[in-house]
Amino acid sequence: MEFELPRITLSNRERELVALLSQGHTDQEAADRLGISPRTVTGLVRGLMDRLGVDNRFQLGLALGLLGQEHE
């Protein structure tokens with residue numbers, strides 16, 4: 001079964017957030033570093049999940065990894 005991801009462009013803030021979360025930072029730590037609220041972090045993550053059509057953060061990580069490979 002083949003799964004095709006929609007092509008999306010991440011904003012600078014989304015890229016920064018994804019980088020922090022991929023380094024193991026919690027939502028709270030990422031929020032503190034970006035100067036935003038944890039609720040904004042949740043909203044950004046949910047927005048990415050919706051745009052990529054995934055149901056959880058694990059799937060989001062896999063999808064973002066696949067998208068990153070496409071840009072190499």
Side-chain angles (χ1 to χ4, degrees):
M1 181 175 173
E2 195 168 312
F3 180 75
E4 189 166 327
L5 291 171
R7 297 214 177 266
I8 66 167
T9 301
L10 273 60
S11 69
N12 289 336
R13 179 173 278 177
E14 288 170 334
R15 270 196 242 68
E16 291 174 312
L17 175 60
V18 167
L20 289 169
L21 295 177
S22 70
Q23 294 167 7
H25 293 281
T26 65
D27 285 7
Q28 181 65 57
E29 292 168 340
D32 291 344
R33 286 179 177 243
L34 294 173
I36 59 178
S37 74
R39 188 177 198 129
T40 300
V41 169
T42 300
L44 289 169
V45 169
R46 181 76 249 166
L48 287 170
M49 290 170 58
D50 290 346
R51 286 167 43 209
L52 287 167
V54 298
D55 298 320
N56 57 56
R57 286 180 177 227
F58 179 78
Q59 291 175 338
L60 177 61
L62 290 175
L64 290 170
L66 288 171
L67 286 174
Q69 288 178 359
E70 289 177 3
H71 291 99
E72 290 179 353

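The figures that follow rest on heavy atoms only: side chains count, while hydrogens, waters and symmetry mates do not. Being a predicted model, the structure only gives us computed values, none of them experimental. For reference, positions follow the sequence shown, starting with 1.
- Partners of D55 according to the side chain to side chain donor-acceptor pair (under 3.5 Å) rule, which considers only residues two or more places apart in sequence or in another chain, do not exist here.
- Across every non-hydrogen atom of R57 and D27, the tightest pair is NH2-OD2, 2.8 Å.
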For this session: Could you go through the side chain to side chain contact (heavy atoms under 4.5 Å, CB included) check for L60 and V18 one step at a time?
Result: CA-CA 10 Å; L60 177 61; V18 167; over 6 Å; no
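- The two residues P6 and L67 have their closest heavy-atom pair at O-CD2, 4.1 Å.
- For R33, the CZ atom sits in a loose shell: 12 or fewer heavy atoms of surrounding residues, nucleotides or ligands are nearer than 6.0 Å.
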For this session: Let me see the working for L21 and V45 under side chain to side chain contact (heavy atoms under 4.5 Å, CB included), right down to the final yes or no.
Result: CA-CA 10 Å; L21 295 177; V45 169; 3.9 Å; yes
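- Shown here are the side chain to side chain donor-acceptor pair (under 3.5 Å) partners of T40, two or more places apart in sequence or in another chain: S37.
- Rounding to the nearest 0.5 Å gives a distance of 7.5 Å between OG1 of T26 and CG of D32.
- The salt bridge (Lys or Arg N to Asp or Glu O under 4.0 Å) pairs that include a residue from residues 9-19 are E14-R51, where partners are two or more places apart or lie in different chains.
- Each of M49 and L62 belongs to its own hydrophobic cluster when Ile, Leu, Val, Met, Phe, Trp and Tyr are linked at side-chain heavy-atom distances under 4.5 angstrom.
- Between the CG atom in L17 and the CG atom in L34 there is a gap of 6.0 Å [rounded to 0.5 Å].
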